[in-house]
Protein chains: 2
Amino acid sequence: MKGTGIPRKEGTFPIYRYLVDTKCDAGNWSVDAYLRGCASRTVLEALANKWTCLLIDALRHGPLRFGVLRRKLDGITQKSLTQTLRVMERDGIVIRTVYPTIPPRVEYELSDLGRSVAGLMEGVKRWSEEHVDEILTAREAYDLRAQEEPRPVPVA
Amino acid sequence: MKGTGIPRKEGTFPIYRYLVDTKCDAGNWSVDAYLRGCASRTVLEALANKWTCLLIDALRHGPLRFGVLRRKLDGITQKSLTQTLRVMERDGIVIRTVYPTIPPRVEYELSDLGRSVAGLMEGVKRWSEEHVDEILTAREAYDLRAQEEPRPVPVA
DNA sequence: CGGTATCCGCTGCGATACTG
DNA sequence: CAGTATCGCAGCGGATACCG
């Protein structure tokens, strides 16, 4: 697994467990800014993932079974879905419930923590709908430019 | 580059350019839900990345030079920084300005689009600060459980 | 300073097969 | 149904060298 056995690099600043991965440059960073930056990093490692975001959104209205999730997130493989859900469970975002029936039934639902982040996802979703077109337009324009003019290089 | 040459899978639904990658299951999805899901996916491909998020946050207060960004995002390699910035430029999130001086000076700043998403990042950051501890606690608890009891398997 | 070019190890992920 | 196990490859990210 990912979180076990934390290798500590030289020059790191092991005040908190989740800081050990980042070098401390006391000159440029206040301890406060340092903590803030690291909190963000930790969380981003957990959330900044396409499937994770889509899962949080998918589970927003209540528990869903594994198979339903797989169909809702069309395109995800069983392996990726299992993995992603496992990590989210470990991070306390989702709760996994096994019903000992035949055939087996496993439900996933957002925890309180998960629900508290679902709001952010809602924001991302709204922003997406409002701005996808701008992104796509920008891409086309960029690709067009790239074809014609050579890219401006930092030369005198 | 990533966006050029879009391979179209069988059974896809090429109404819009950004939909070609996803299968259409007209039974379960309304066209509206379909568009919404795809908008999110497109945007998540662009934003759901640790460095991208951190860069948007780093640039929130104005333009910064390449070297400054590299130091701010301590831990990123030059290659990754260049790559990430290039993708963000292509997506219209950041603007790259080359000043033909010696030594060369290249500044990156958020576009209007980029600034409009910076608000979301602010939210993520705030959430991070409030909830990192819960995530870390959940992880420790999970790892402890995993050591002791075997994982509940879906069996009758 | 701000890149590009190249090599390269690792692993993330898909595909496939099997199971309680 | 909801997984686990295994293989195999592409691609990402790091390290290094070089350039305008």
**Fill in**
When Asn49(A) and Gly67(B) are each assigned the nearest nucleotide of DNA chain C, the 5'-most assignment goes to Gly67(B)
**Message:** OP1 or OP2 of dG14(D) versus the side-chain N and O atoms of Thr77(B): is any pair under 4.0 Å?
**Reply:** yes
**Complete:** Picking from dG14(D), dG3(D), dC13(C), the nucleotide nearest the side-chain atoms of Ser80(B) would be dG14(D)
**Request:** Among dG3(C), dC1(D), dG3(D), find the nucleotide with the atom closest to the side chain of Pro103(A).
**Result:** dC1(D)
**Item:** Residue pair Ser111(B) / Gly92(B): nearest heavy atoms and the distance that separates them
**Value:** OG-O, 2.5 Å
**Any Asp133(B) side-chain heavy atom under 4.5 Å of Ile135(B) side chain** = no
**Message:** Does dG3(C) have OP1 or OP2 under 4.0 Å away from a side-chain N or O of Arg105(B)?
**Reply:** no
**Message:** I'd like to know if Glu109(B) pairs up with Arg96(B) as an ion pair, taking the criterion as any Lys NZ or Arg NE/NH1/NH2 lying under 4.0 Å from an Asp or Glu carboxylate oxygen.
**Reply:** no
**Gln78(B) side-chain N/O to dG2(C) phosphate OP1/OP2 under 4.0 Å** = no
**Message:** Quick one, Leu113(B) and Val117(B) - any side-chain contact, counting heavy atoms below 4.5 Å?
**Reply:** no
**Prompt:** Arg86(B) side chain N/O closer than 4.0 Å to the phosphate oxygens (OP1, OP2) of dT4(C)?
**Reply:** yes
**Request:** Starting from P on dT4(C), measure out to CG on Leu81(B) and report it in whole angstrom.
**Result:** 11 Å
**Request:** Ignoring backbone atoms, test whether Tyr108(A) places a side-chain nitrogen or oxygen under 4.0 Å from the OP1 or OP2 oxygen of dC1(D).
**Result:** no
**Request:** Would you kindly say whether Trp127(B) and Ser116(A) are connected by a side-chain donor-acceptor distance under 3.5 Å?
**Result:** yes
**Request:** Take atom CZ of Arg96(A) and atom P of dC1(D), then tell me their distance rounded to the nearest Å.
**Result:** 16 Å
**Asked** Which one, dG3(D), dC1(D), dC7(C), comes nearest to the side chain of Lys79(B)?
**Response** dC7(C)
**Nearest-angstrom distance from the residue atom CD of Gln83(B) to P of dG2(C)** = 18 Å
**Asked** How close or far is atom P of dC1(D) from atom CZ of Arg70(A), stated in whole angstroms?
**Response** 8 Å
**Prompt:** Separation of Tyr99(B) atom OH from dC1(C) atom P, in whole Å?
**Reply:** 17 Å
**Request:** Could you check how far CH2 of Trp51(A) sits from C1' of dG12(C), rounded to whole Å?
**Result:** 14 Å
**Item:** Euclidean distance, atom CG of residue Leu85(B) to atom P of dG2(C) [Å, nearest integer]
**Value:** 11 Å
**Complete:** Atom CG of Leu69(A) and atom P of dG3(D) are separated, to the nearest Å, by 10 Å
**Message:** Once you apply a heavy-atom cut-off of 4.0 Å, does Arg65(A) come out as touching a base, just sugar-phosphate, or nothing?
**Reply:** sugar-phosphate
